[in-house]
Amino acid sequence: MSSRRGGPRPVLARHEAGAAFMADGYARETGRLGVCCATSGPGATNLLTGIACAFDNSVPLLAITGQPSLPLFGKRAVQESSCTGVNTVGMLQRCTRYNTLVSHADQLENKLVSALIRASQPPHGPVHLSIPVDLLRSQVEQRLSPQHLKRLLIKPSLIDEDAIHTLFEAVQRSRKTVLIVGGGCGEAIDAIMHFAELTDSCFVTTPDAKGLINPHHYLYRGVFGFAGHQSAHQALSDGVDLTLAIGTSLDEWTSGAWSASILNHHLVHIDSNGEHLMRSPMARQHVRGRIRSVFERLLDVMHIEQAALGLPWKPSRVNTDVAEVTVRAPDKREDMSSPIKPQRLMTELSNRFPPTTRFIADAGNSTAWSIHYLELRNRRLGLVPGMTMPAANSPTRHTPSRRGERRVDHAGWLRVLMDFATMGWAIPTTRWCASRAMAVA
């Protein structure tokens, strides 16, 4: 069905890698599945870098590639990329969460649904369907209703109650708790900020999570990891009883090259991705689950437990440390010499652009400058306006009221690539920010 009749709207890319990056950007911006298509052979191999980038950054993406007609397999047809030619399904095996050749029309719906489910559940990532051209021209009977499919794609919110209560007790005992906010915290950031403010816990971010918070928040201590701040390292080193690493892979860039200041027995690792939890075997506790659900339930327990005592929640130690985020070479931010220094450029961008700006930093030095120096005011100081805690006897979890609610961004105002760090990613991904003010670092 064409876009004029209510079907998908195609967007033409100049190169297949660009199409994959555009789908990546769409997924980050909207929280929905990004989709890209390419022809067989070189079209599919050109997608490879973009798909690998989405895989390493846990971005849900559906890639659809073509194949010659099934009867032509093994006959050296033009751009043949089946198992008897340049095997594109085999190439994509190691950088997709689901990867298959559709060899019969009756397989299409089942394999498509399997791919969509796999992409939408943690660990998120790209999925791939390779479809021969004769099957693409076939009539396929629809067996599954869109409503049923929508229900299948709902994110699970299972919670380990024992783990929540163990975490609550650890927070109660802790004299100093520090939060490490990772890139996977997008949908949960308001609940996490509420927890930080309620417990008076300072927090740092990983490089890919800086855009989720307001860098002028009074509890913020900077970026920990690649291109980070000395104040973040200090916050995690001085008398910490409990470190909560939330929604982060703890890879080289996000862990400060596997720093012992976080990878120790003070660590509690909270994530929906079991692969991330495997990187912190020394942690005192793992809490696996949807991050928003975990913190909503933790806030519920805190409220209920304290209401039972007839006392408001009070942290064990009030945080009086309001040190500013420490940046390197502060003098260069004000240097008026020519050519302009990147430190000053980042400062000027921070001051001149409005709070609705999206900054997308491509791989390279621009990533480091953006992580370290950009300080956009995005008004994300804490709770969404209208958010309140429920009454003690209320079964309702704290959720934003519709009144005064603003849009919650999964990707935030600054986007950088971790892990695969592919150059050329930023320009295509800005396609999905065109409706908002935007700058590309």
Side-chain angles (χ1 to χ4, degrees), residues 157-182 184-185 188-206 209 219-221 224 232-250 254-256 259-274 276-309 311-321 382 389 392 397-398:
S157 297
L158 297 177
I159 299 173
D160 185 338
E161 286 291 337
D162 291 338
I164 295 294
H165 283 275
T166 300
L167 176 57
F168 169 71
E169 292 167 2
V171 172
Q172 271 189 318
R173 292 191 301 268
S174 174
R175 291 171 299 173
K176 181 179 180 181
T177 300
V178 179
L179 278 57
I180 303 174
V181 179
C185 295
I189 194 62
D190 289 310
I192 294 170
M193 289 295 97
H194 190 178
F195 172 83
E197 292 165 5
L198 204 59
T199 58
D200 205 37
S201 301
C202 64
F203 66 92
V204 302
T205 71
T206 58
L219 292 172
Y220 176 59
R221 297 295 179 269
F224 182 82
H233 286 265
Q234 185 175 347
L236 288 162
S237 302
D238 295 346
V240 176
D241 292 325
L242 187 65
T243 304
L244 305 185
I246 312 158
T248 175
S249 62
L250 292 182
T254 58
S255 69
S259 171
S261 62
I262 60 172
L263 298 178
N264 54 49
H265 66 281
H266 298 300
L267 178 65
V268 173
H269 196 175
I270 304 169
D271 210 299
S272 61
N273 188 339
H276 292 174
L277 299 178
M278 292 169 62
R279 300 194 184 105
S280 58
M282 73 301 293
R284 65 192 290 178
Q285 184 185 3
H286 285 161
V287 181
R288 183 175 182 180
R290 185 177 178 185
I291 295 171
R292 182 171 186 84
S293 300
V294 167
F295 274 87
E296 285 177 344
R297 182 58 186 146
L298 180 59
L299 288 166
D300 282 346
V301 171
M302 291 168 60
H303 181 85
I304 293 168
E305 291 288 333
Q306 296 304 312
L309 298 174
L311 298 170
W313 174 269
K314 290 184 179 180
S316 301
R317 182 179 73 85
V318 176
N319 188 352
T320 57
D321 176 19
M389 289 293 290
R397 293 176 181 165
H398 85 289

Novice: If you measure from OG1 on Thr199 to NE2 on His194, what distance do you get to the nearest 0.5 Å?
Specialist: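 It comes to 9.5 Å.
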Novice: Can Tyr220 and Thr205 be said to form a side chain to side chain contact (heavy atoms under 4.5 Å, CB included), step by step?
Specialist: CA-CA 8 Å; Tyr220 176 59; Thr205 71; 3.8 Å; yes
Novice: What's the spacing between His286 NE2 and Leu267 CG if we round to 0.5 Å?
Specialist: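 Answer for the NE2-CG pair, His286 versus Leu267, is 7.0 Å.
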Novice: For His233, which residues count as a ring pair (Phe, Tyr, Trp, His ring centres under 6.0 Å) partner, sequence neighbours excluded?
Specialist: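 Partners of His233 by the ring pair (Phe, Tyr, Trp, His ring centres under 6.0 Å) criterion, ordered by chain and then number, come out as Phe224.
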Novice: Just wondering, more than 12 heavy atoms not from Met278 lying within 6.0 Å of its CE?
Specialist: no
Novice: In Å, rounded to the nearest 0.5 Å, how long is the span from CG of Leu167 to CG of Asp160?
Specialist: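 That separation rounds to 11.0 Å.
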Novice: Measure the CG-CG distance between Leu236 and Leu179 for me, rounded to the nearest 0.5 Å.
Specialist: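 With rounding to 0.5 Å, CG (Leu236) is 10.0 Å from CG (Leu179).
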Novice: Can you find a pair of side-chain heavy atoms, one from Phe295 and one from Leu298, that are under 4.5 Å apart?
Specialist: yes
Novice: How about Gln172 and Met302: do any of their side-chain heavy atoms sit closer than 4.5 Å?
Specialist: no
Novice: Is the shortest side-chain heavy-atom distance between Leu250 and Ile262 below 4.5 Å?
Specialist: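 Yes, at least one pair of side-chain atoms sits under 4.5 Å.
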Novice: Mark yes or no for whether Glu296, through its side chain, and Ala191, through its backbone, hold a donor-acceptor pair below 3.5 Å.
Specialist: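 Checked: no pair found.
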Novice: For Arg290, which residues count as a salt bridge (charged side-chain N to carboxylate O under 4.0 Å, His left out) partner, sequence neighbours excluded?
Specialist: Glu187
